[in-house]
Amino acid sequence: MSETHPIEKVTIIGSGPAGWTAAIYAARANLNPLVFPGRATGKDLLPGGQLMLTTEVENYPGFPSGITGPDMMQDFAKQALRFGTRVVTDDGIQTNEQVNKDAPLYTPFQNVKSVDLSKRPFTIVGDNGVEVKSHAVIIATGAKANWLGQENELRLAQSGGGVSACAVCDGALPMFRDAELAVIGGGDSAVEEASYLTKFASKVYMIVRRDVLRASKIMADRAMNNPKIEVLWNTKVADVLGDKVITGVTLQDAKTDEQRELPLTGLFMALGHTPITEFLNGQLDLDDAGYIKLKDPYRSTSNIEGVFVAGDVADHVYRQAITAAGMGCKAAIDAERWLAEQGID
Ligand code: NAP
């Protein structure tokens, strides 16, 4: 089934803090934006983005008592819808009146299957056959944290049971105070997260699958010199233990396969991130790590005029809700100005 609609002014792909912030700004600029929020695929990719896998958000300014990640993202969506943002669902393009009022992110949305950025207006095709033509496009698909992919790991991450892929987001929660925690991974992020966690934890294990850290020398030295960090070399995690909250992990020696249990109160993944760019099919310039390259680092412009980029899909450095939201704001303002220059308003 293929359905064609009038040409959109701006279409936003993605529904994390960057996508909804872009939508709020575009809607308030009377651009009547359309959002492809995406569909849940597997357990690690959800409409709403990485915050849907976070429990308490305590570092987003304006929430002195904190807010859960999913509640925050539902509020972002409600705010964008309130100003006239429309969304692409399995039933086609829908408005505020047609989505789940209490929790708009639980509406069955469509994923973007493909885009054609070779000529304007651009074409965006949803996986259910909806075809959208749009003068401007904002890409805010984010980057998903890499997980081990084990059932218990993902279950405890989704239920706030002490398993997380972001120490900066979750590490300061009371449940991790004076506790024994572990970070899996040996890259710069793993060192950074382990060092950060030592502010709260009594001890932090770094579980590293090889006998060397991937992290830069200066970062590696930081881990080695921190008395609260113990590196477990040549070690894999065979299972994550615990029913409602994590109680420990089953470690496996990477050389001998010998297993032992390690009691833990918290487990943090630092296995890198994968930016979500597959649907672009190589049409935008990417950097060496696969993130979309901004044409100008202070703006949201890409190598294709009329295509703007916001959030973690173009940022492997900060990866915070507040920085993604800031980039979404910039993308909407850039798109608005570019549309005005084209005489489309
Ligand atoms: P990364 O460099 O890709 O490191 C990922 C780590 O996870 C590696 O040690 C890898 O092990 C390990 N790993 C991956 N899959 C695993 C699995 N299934 N089981 C066990 N371990 C697994 O990712 P990153 O640390 O997030 O860094 C991403 C980029 O950001 C890098 O360019 C980094 O330099 C940069 N960064 C810089 C800073 C800084 O300078 N302050 C801070 C953070 C990040 P192997 O080594 O065995 O492959």
Search all heavy atoms of Ala289 against all heavy atoms of Pro275 and return the closest pair with its distance.
O-CG, 4.1 Å
With a sphere of 6.0 Å drawn around NZ of Lys203, does it hold more than 12 non-hydrogen atoms of other residues, nucleotides or ligands?
yes
Please check if atom NZ in Lys78 has more than 12 non-hydrogen atoms from other residues, nucleotides or ligands closer than 6.0 Å.
yes
Find out whether the Lys NZ or Arg CZ of Arg28 is both under 6.0 angstrom from the six-membered ring centre of Phe83 and within 45° of the ring's axis.
yes
Does the salt bridge (charged side-chain N to carboxylate O under 4.0 Å, His left out) test come out yes or no for Lys133 and Glu8, once each step is laid out?
CA-CA 6 Å; Lys133 297 273 183 201; Glu8 300 291 335; over 6 Å; no
Main-chain N/O of Pro47 paired to Ser15 side chain as donor or acceptor, under 3.5 Å
no
Salt bridge flag under 4.0 Å for residues Lys330 and Asp334:
no
Atom CZ of Arg337 with >12 non-hydrogen neighbours under 6.0 angstrom
no
Going by atom types only, do Asp188 and Ser216 share a side-chain donor-acceptor pair under 3.5 Å?
yes
Quick check against the 3.5 Å criterion: does Glu153 have a side-chain atom that pairs as donor or acceptor with the backbone of Gln150?
yes
Any donor-acceptor pair under 3.5 Å from Gln283 side chain to Leu280 backbone
yes
Atom of Ala223, atom of Met206 and distance for their closest heavy-atom approach
CB-SD, 4.0 Å
For the side chain of Thr21 and the backbone of Ala18, is there at least one donor-acceptor N/O pair under 3.5 Å apart?
no
Near Lys228 NZ, under 6.0 Å, is it more than 12 heavy atoms from other residues, nucleotides or ligands?
yes
Can a donor-acceptor pair be found, under 3.5 Å and without considering hydrogens, that links the side chain of Asn303 to the backbone of Asp285?
yes
Pairs under 3.5 angstrom only: tabulate donor-acceptor contacts from the side chains of residues 308-317 to other protein residues two or more places apart or in another chain.
residue : atom : partner : partner atom : Å
Asp315  : OD1  : Val317  : N            : 2.8
Asp315  : OD1  : Tyr318  : N            : 3.0
Asp315  : OD2  : Arg319  : N            : 3.1

Before accepting this row, confirm whether a basic side-chain N of the pair Lys119/Asp116 lies closer than 4.0 Å to the acidic partner's carboxylate O.
yes
Verify same cluster id: Leu241, Phe268 (apolar side-chain graph, 4.5 Å)
no
Output yes when a side-chain donor or acceptor of Arg86 lies under 3.5 Å from a complementary backbone atom of Asn32, and no otherwise.
yes
Kindly indicate, with the supporting measurements, whether the criterion side chain to side chain donor-acceptor pair (under 3.5 Å) is fulfilled by Thr274 and Asn146.
CA-CA 7 Å; Thr274 305; Asn146 296 334; 2.6 Å; yes
Going by ring-ring contact (aromatic ring centres under 6.0 Å, His included), name the pairs with one or both residues in residues 195-242, residues two or more places apart or in two chains.
Tyr196-Phe200
What verdict does the salt bridge (charged side-chain N to carboxylate O under 4.0 Å, His left out) test give for Asp90 and Arg39, after you've listed the backbone C-alpha separation in whole Å, the side-chain angles of each residue and the deciding distance to 0.1 Å?
CA-CA 10 Å; Asp90 279 351; Arg39 183 195 299 281; 2.9 Å; yes
Suppose the criterion is ring-ring contact (aromatic ring centres under 6.0 Å, His included): which pairs have a residue in residues 20-39, not counting sequence neighbours?
none
Please check if Val88 and Ile24 belong to a single hydrophobic cluster, counting links between Ile, Leu, Val, Met, Phe, Trp and Tyr side chain heavy atoms closer than 4.5 Å.
no
Group every Ile, Leu, Val, Met, Phe, Trp and Tyr by side-chain heavy-atom contacts under 4.5 Å, then state whether Met73 and Ile322 land in the same group.
yes
Ile344 and Ile12: same hydrophobic cluster, using ILVMFWY side-chain contacts below 4.5 Å?
yes
Identify the residue among Ile304, Thr11, Ile7 that makes a side chain to side chain contact (heavy atoms under 4.5 Å, CB included) with Phe122.
Ile304
For atom CD of Gln342, decide whether the heavy atoms of other residues, nucleotides or ligands shown that lie under 6.0 angstrom number more than 12.
yes
Residues Pro33 and Ala23: closest non-hydrogen pair is CG-O, 3.6 Å
Expected output: side-chain Thr89 to main-chain Gly92 donor-acceptor under 3.5 Å:
yes
Would Asn152 and Asp239 count as a side chain to side chain donor-acceptor pair (under 3.5 Å) if you check the C-alpha gap in whole Å, the side-chain angles of each, and the deciding distance to 0.1 Å?
CA-CA 7 Å; Asn152 285 339; Asp239 200 3; 3.3 Å; yes
Would you kindly confirm whether Val240 and Val245 end up in one hydrophobic cluster when ILVMFWY residues are joined by side chain heavy atoms under 4.5 Å apart?
no
Please check if atom CZ in Arg210 has more than 12 non-hydrogen atoms from other residues, nucleotides or ligands closer than 6.0 Å.
yes
